[in-house]
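Step one of this worksheet: look at the structure below.
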Amino acid sequence: MKLYGFLSILIILLVSVESKAYENVTFHCDTDTTLINTLLSSEELKELQPAGRVAFFAKKLVGSPSSLRSEILEADTIEFSVNAHSFTPLGFISTCIALAQAYETSSAPNWRDFADKYENIMYKKGEATDFVSRFLYPSDWIADNIFRGNVTDVTFNLDGLAARKKEKSIDYISHHRDSFKAFADEKNYERLKMLEMGFRNHQIPYISNGDLTNPNKFKQQAKDGDIFFLLTPDFNLDSREMGILTRDGDRLLIIQLSPSKDAVTLEELPFENYVKRNVKRIQGARIIRVAK
């Protein structure tokens with residue numbers, strides 16, 4: 001092999017090693033890596049498909065507190081960290097998917113595999129660079145992760161359900177700038193507004209509340225590990241509630257970062273009853289699945 005060819009390959013290898021997420025990662029606490037390694041070594045995972053593993057990890061994380069205030073509302077810079085103890089709503093979903101993906105990387109997956117997968121799912125183009133590189137809107141998270149092959153949108157692919165589209169301009173954060181410390185910085189704010197411009201008149205697919213609450217429709221099509229985003233009536237926001245569905249016998253249950261309990265919660269109400277009880281603040285649901 002010619003010398004310049006060898007050097008080119010060597011440079012590529014060095015760059016790929018240096019770009020690993022865990023090279024510059026910080027930790028939420030001393031036990032994060034231990035917890036992640038323990039989760040990834042669970043014997044039950046061998047019998048599960050990828051979506052089933054997502055649900056498995058979601059159940060293991062029930063009880064974890066919210067970090068929405070510290071990570072989103074009060075943060076002004078980004079600190080990419082391994083954290084298996086507290087979550088934002090999108091962070092919780094991304095963690096479960098990243099764990100499921102990390103499990104498939106080798107015969108002995110560990111926290112380093114998780115860190116790489118989490119960065120790939122939770123940040124635009126898979127790179128944690130600054131505060132605005134973190135996904136702040138579910139629609140942005142969905143579009144980017146579909147494009148990069150992490151998830152698929154099955155809202156229009158469920159048999160017997162007449163999915164629709166709702167048009168919204170998503171710019172909630174810029175209308176509530178004072179609630180987010182990071183956007184006191186003019187550079188961050190200008191980047192946010194550019195992001196929101198891409199979601200003007202955004203078409204959001206959804207399944208109606210009628211189909212969601214009909215036990216012979218959505219419940220029959222939903223799978224263990226499906227990811228749901230509940231549309232909100234807020235005129236400039238896509239979703240306030242999101243989480244992971246899991247089956248318990250004939251019941252379809254929700255695991256989510258509960259807005260009322262500030263913790264990851266396995267809701268007692270079956271999904272269809274949850275929608276009925278909260279119908280005034282739910283305008284349908286978008287359904288996403290982890291890619292196979």
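Residue numbers run from 1 in the order of the sequence given. Only this structure's heavy atoms are used, side chains among them; waters, hydrogens and symmetry mates stay out.
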Candidate pair Asn157 and Thr152, rule side-chain contact (heavy atoms from CB on, under 4.5 Å), full reasoning: CA-CA 10 Å; Asn157 300 330; Thr152 58; over 6 Å; no
Side chain of [X], backbone of [Y]: donor and acceptor closer than 3.5 Å?
X      : Y      : value
Glu71  : Thr88  : no
Thr265 : Ala263 : yes
Asp171 : Ser174 : no
Arg247 : Asp224 : no
Asp226 : Lys223 : yes
Ser169 : Asn201 : yes
Asn209 : Gly284 : yes
Asp113 : Asn110 : yes
Arg240 : Pro233 : no

Out of curiosity, does [Y] fall in the hydrophobic cluster containing [X] (side-chain heavy atoms, cut-off under 4.5 Å, transitive links)?
X      : Y      : answer
Val132 : Leu73  : yes
Phe218 : Ile254 : yes
Val151 : Met242 : yes
Leu161 : Phe229 : no
Leu257 : Tyr118 : yes

Criterion side-chain contact (heavy atoms from CB on, under 4.5 Å) on Met122 and Arg134, from CA distance to verdict: CA-CA 6 Å; Met122 192 57 198; Arg134 184 187 185 112; 3.8 Å; yes
Looking at [X] and [Y], what are the two nearest heavy atoms and their distance?
X      : Y      : answer
Arg286 : Thr155 : CG-OG1, 3.4 Å
Thr105 : Lys117 : CG2-CE, 3.5 Å
Asn145 : Ile121 : ND2-O, 3.0 Å
Ile255 : Phe228 : O-CE2, 4.5 Å
Pro205 : Phe156 : CB-CE1, 3.3 Å
Ser139 : Ile170 : OG-CD1, 3.6 Å

Can you find a pair of side-chain heavy atoms, one from [X] and one from [Y], that are under 4.5 Å apart?
X      : Y      : answer
Leu195 : Lys124 : yes
Leu266 : Asp248 : no
Asp32  : Trp111 : no
Trp141 : Ser94  : yes
Gln101 : Glu104 : no
Tyr172 : Thr232 : no
Asp185 : Phe131 : no
Phe114 : Asn37  : no

Taking 4.0 angstrom as the limit, do [X] and [Y] come out as a salt bridge?
X      : Y      : result
Arg69  : Asp262 : no
Asp130 : Lys187 : no
Glu190 : Lys193 : yes
Arg148 : Asp144 : yes
Glu267 : Arg251 : no

Donor + acceptor pair across side chains of Gln220, Asp159 (<3.5 Å):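 No, no side-chain donor-acceptor pair sits under 3.5 Å.
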Can you tell me if [atom1] on [X] sees more than 12 non-hydrogen neighbours from other groups inside 6.0 Å?
X      : atom1 : result
Glu268 : CD    : no
Lys181 : NZ    : no
Gln203 : CD    : yes
Lys168 : NZ    : yes
Arg289 : CZ    : yes
Arg177 : CZ    : yes

Derivation of the side-chain contact (heavy atoms from CB on, under 4.5 Å) call for His85 and Ser64: CA-CA 6 Å; His85 290 88; Ser64 303; 5.8 Å; no
Within the 6.0 Å centroid threshold, strictly below: Phe180 and His176: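 No, ring centres 6.0 Å or more apart.
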Aromatic contact, Phe57 with Tyr103 (centres under 6.0 Å):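 Ring centroids of Phe57 and Tyr103 are no less than 6.0 Å from each other.
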Mutual orientation of the aromatic rings belonging to Phe199 and Tyr137 [parallel < 30°, tilted 30-60°, perpendicular > 60°]: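 Geometry flag for Tyr137 against Phe199: tilted rings.
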Residue pair Arg164, Ser208: steps toward the side-chain contact (heavy atoms from CB on, under 4.5 Å) verdict: CA-CA 8 Å; Arg164 310 168 187 179; Ser208 70; 4.0 Å; yes
